[in-house]
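See below for the structure under consideration.
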Amino acid sequence: QVAKYPNFFFEILRSRRHNPPPVVFLKTHKTGSSTVQNLLFRMGEKHGATFAFPSYSYQFSYPDKFEADFVDELPEGSSQFDILCSHMRLNMEELKKVMPPNTIYITILRDPVQTFESVFSYYTFSIPAFSLAKKAAETMENRSALSVFLGTPESFWDPKSPENGLGRNPMSFDFGLDLQHGNMAWSANLTALVETFHLIMIGEHFDESLVLLRALLKLELEELAYVHFNTRSAHSITSLDETTKARIRTWNDLEMELYDFSLKLFQKKVEEYGAERLNRDVDLLRASSSRIRQKCVAGKNVSPEELEESVRPWQPDSATILGYSVQGNLTKEEQGFCMRLVLPELQYHAHLYFKQYGRAMRPVPTE
Ligand SMILES: Nc1ncnc2c1ncn2[C@@H]1O[C@H](COP(=O)(O)OS(=O)(=O)O)[C@@H](OP(=O)(O)O)[C@H]1O
């Protein structure tokens with residue numbers, strides 16, 4: 001098996017013809033965005049890209065809306081930032097002050113029902129509205145915190161608390177949209193905003209999205225290899241009956257509009273690319289990705305306690321996040337490639353920051 005692909009890492013390096021254009025990736029929460037970010041991290045590191053990193057930690061002062069000032073300095077010897085892909089709350093005008101005019105803007109959305117269930121599970125203790133529902137559920141028999149919350153969401157919800165931002169229409173919140181209900185400008189804002197993106201990837205069509213991304217960023221097929229990041233263990237997932245799904249849709253009504261509108265745009269892009277051609281390219285991508293996974297990954301969906309710290313994903317208090325271990329029988333070069341393929345967000349972010357600035361990431365200052 002190993003002998004069959006002896007030089008594929010070198011082929012990846014040799015076959016590159018173009019440098020990718022500058023890119024901004026709006027990293028939405030719980031949509032598969034860490035999987036895309038990892039791919040961009042690898043792409044950028046390979047091509048010596050300059051990353052626009054936050055001055056503090058690994059998010060741009062979230063949940064504040066993005067400001068140009070949140071970005072760390074341009075490193076010595078760089079003339080521009082090439083990639084910005086850390087968590088932020090979008091603000092296009094400010095982003096344009098930081099990134100070159102030919103920047104490609106991309107993001108990813110996921111079915112709002114699945115996204116909300118994932119957000120609820122991951123942030124039960126950090127979103128005040130969810131924590132209150134969790135406390136209430138402890139006094140009731142056989143009721144999940146999610147179903148208690150969805151029964152009377154308004155009773156747990158303080159719209160003025162910025163910490164509650166992700167608790168309703170989370171992807172729209174990341175888009176920086178004004179989420180006040182009855183806000184007549186919402187639809188117009190949404191349309192204008194969505195159309196400024198060169199590509200809105202769709203989690204339910206992840207591989208198709210990657211093929212479109214490849215065309216946009218002029219990537220080689222092998223650069224699209226990936227593993228799923230931030231997968232939860234089965235006990236952290238709440239299965240949803242039809243009533244619950246309907247309640248999630250009602251609570252996240254603006255999100256449904258954002259997703260439906262973006263899905264239509266995505267389908268248009270698929271048509272432009274050619275559905276048959278896309279299917280062919282998806283098959284090629286899957287074959288190549290699976291070959292690379294076979295080569296690199298020893299253990300898939302591994303519990304955090306069985307993983308070395310270097311590849312252990314960050315764990316919230318309310319859910320268990322699984323990870324990967326790397327094969328042992330690799331050359332040094334292959335090991336470098338394979339480690340990066342499975343390296344969780346925080347570790348890879350810290351590695352690239354150190355490489356770029358020669359110093360560790362700064363923690364968020366405490367007042
Ligand atoms: N390739 C691909 N396709 C489809 N779904 C995927 C993919 N990669 C990751 N995932 C799922 O996305 C969820 C994690 O999303 P994020 O990485 O955006 O989370 S985070 O906001 O950065 O914490 C998490 O979903 P849940 O398991 O429902 O929580 C992952 O399983």
Side-chain angles (χ1 to χ4, degrees), residues 25-42 54 57-60 62-63 85-90 106-127 130 146 165-167 170-175 200-214 223-240 244-245 248 255 259 263 266 282 285-286 288-290 292-293 297 300-304 312-324 341-349:
F25 174 55
L26 171 61
K27 190 177 185 299
T28 45
H29 285 84
K30 309 319 293 178
T31 53
S33 67
S34 301
T35 304
V36 181
Q37 184 195 51
N38 174 273
L39 192 145
L40 295 174
F41 276 164
R42 281 181 281 132
S57 190
Y58 61 93
Q59 308 188 351
F60 289 108
Y62 197 87
C85 61
S86 309
H87 274 299
M88 68 173 144
R89 187 154 183 237
L90 185 66
I106 58 173
T107 187
I108 182 166
L109 296 177
R110 181 185 184 192
D111 176 349
V113 173
Q114 305 307 324
T115 305
F116 186 79
E117 190 276 320
S118 179
V119 167
F120 192 96
S121 153
Y122 199 84
Y123 296 108
T124 309
F125 293 116
S126 45
I127 294 180
F130 295 172
L146 180 62
L166 281 178
M171 298 182 286
S172 313
F173 184 76
D174 284 338
F175 264 67
I200 298 183
M201 302 171 69
I202 300 288
E204 286 65 39
H205 305 288
F206 194 84
D207 291 342
E208 290 78 0
S209 300
L210 281 189
V211 169
L212 296 180
L213 182 70
R214 179 186 179 199
E223 291 181 286
L224 302 178
Y226 70 88
V227 297
H228 285 63
F229 279 92
N230 286 338
T231 308
R232 282 173 296 157
S233 68
H235 78 260
S236 306
I237 300 173
T238 308
S239 65
L240 306 173
T244 310
K245 286 183 189 170
I248 294 179
E255 198 92 314
Y259 182 78
L263 185 59
F266 180 81
V282 164
L285 155 71
R286 287 186 179 151
S288 144
S289 202
S290 126
I292 293 175
R293 275 183 213 130
V297 176
K300 177 185 169 196
N301 294 339
V302 183
S303 318
R312 188 183 308 136
W314 188 81
Q315 302 292 314
D317 291 337
S318 51
T320 303
I321 306 298
L322 307 172
Y324 302 85
L341 185 76
V342 305
L343 205 55
E345 172 179 3
L346 302 197
Q347 287 91 327
Y348 209 163
H349 205 289

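Numbering of ligands and ligand atoms starts at 1, following listing order.
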(Q) Can you tell me how the ring of Phe130 sits relative to the ring of Phe120, calling it parallel under 30°, perpendicular over 60° and tilted otherwise? (A) tilted
(Q) For atom 17 (O) of ligand 1, tell me which residue out of Gly203, Ser121, Ser34, Pro344 has the closest non-hydrogen atom. (A) Ser34
Q: Would you indicate which of Gly32, Ser236, Ser33 comes nearest to atom 11 (C) of ligand 1 when only heavy atoms are counted?
A: Gly32
Q.
Taking salt bridge (Lys or Arg N to Asp or Glu O under 4.0 Å) as the definition, give me every residue that meets it alongside Arg214, ordered by chain and number, with sequence neighbours left out.
A. none
Q) Quick one: does Arg232 get within less than 4.0 Å of ligand 1, heavy atoms only? A) yes
Q. Are any of the heavy atoms in Arg110 under 4.0 Å away from ligand 1?
A. yes
Q.
Would you say that Arg293 contacts Lys300 through its side chain, given a criterion of any heavy-atom pair below 4.5 Å between the two side chains?
A. no
Q: Nearest 0.5 Å please: distance from the OH atom of Tyr324 over to the CG atom of Leu343.
A: 13.0 Å
Q: Under 4.0 Å from a heavy atom of Lys30: give me the atoms of ligand 1 that qualify, with their elements.
A: 15 (O), 16 (P), 18 (O), 19 (O), 20 (S), 21 (O), 23 (O)
(Q) Using a 4.0 Å cutoff against the non-hydrogen atoms of Thr35, which atoms of ligand 1 qualify? (A) 7 (C), 8 (N), 9 (C)
**Q.** Protein residue, atom and distance nearest to atom 20 (S) of ligand 1, heavy-atom basis
**A.** Asn230 ND2, 3.6 Å
Q: For the residue pair His29 and Tyr123, categorise the inter-ring angle as parallel (less than 30°), tilted (30 to 60°) or perpendicular (more than 60°).
A: perpendicular
Q | Protein heavy-atom partner closest to atom 5 (N) of ligand 1 - residue, atom, separation in Å | A | His228 CD2, 4.0 Å
(Q) Applying side-chain contact (heavy atoms from CB on, under 4.5 Å) to Arg42 and Leu39, what does each step give before you reach the verdict? (A) CA-CA 5 Å; Arg42 281 181 281 132; Leu39 192 145; 4.0 Å; yes
Q: Flag the pair Leu210 / Tyr226 as yes when at least one side-chain heavy-atom distance between them is below 4.5 Å, and no otherwise.
A: yes
Q.
I need the atoms of ligand 1 closer than 4.0 Å to a non-hydrogen atom of Tyr226, numbered in the order shown.
A. 1 (N)
Q | atom 30 (C) of ligand 1: nearest protein contact (heavy atom, Å) | A | Phe229 O, 3.5 Å
Q: Specify the protein heavy atom at minimum distance from atom 31 (O) of ligand 1: its residue, its atom name, and the distance to 0.1 Å.
A: Thr231 CA, 3.7 Å
Q) Where does the angle between the aromatic ring planes of Trp314 and Tyr122 fall among parallel (under 30°), tilted (30 to 60°) and perpendicular (over 60°)? A) tilted
**Q.** Contact with ligand 1 for Thr28, non-hydrogen, under 4.0 angstrom
**A.** yes
Q: Would you please determine whether His87 falls within less than 4.0 Å of ligand 1 on a heavy-atom basis?
A: yes
Q.
Please check whether His29 reaches ligand 1 - meaning an N/O of the residue sits under 3.5 Å from an N/O of the ligand, judged on distance alone.
A. no
Q) For Ser118, is at least one N or O under 3.5 Å away from an N or O on ligand 1? A) yes
(Q) Holding to salt bridge (Lys or Arg N to Asp or Glu O under 4.0 Å), I want the full list of residues that pass it with Glu117, two or more places apart in sequence or in another chain. (A) Arg232
Q.
For atom 22 (O) of ligand 1, which of the options Met201, Glu117, Lys27 provides the nearest non-hydrogen atom?
A. Lys27
Q: Check the pair Leu240, Leu146 against side-chain contact (heavy atoms from CB on, under 4.5 Å), reporting the backbone distance first and the verdict last.
A: CA-CA 10 Å; Leu240 306 173; Leu146 180 62; 3.6 Å; yes
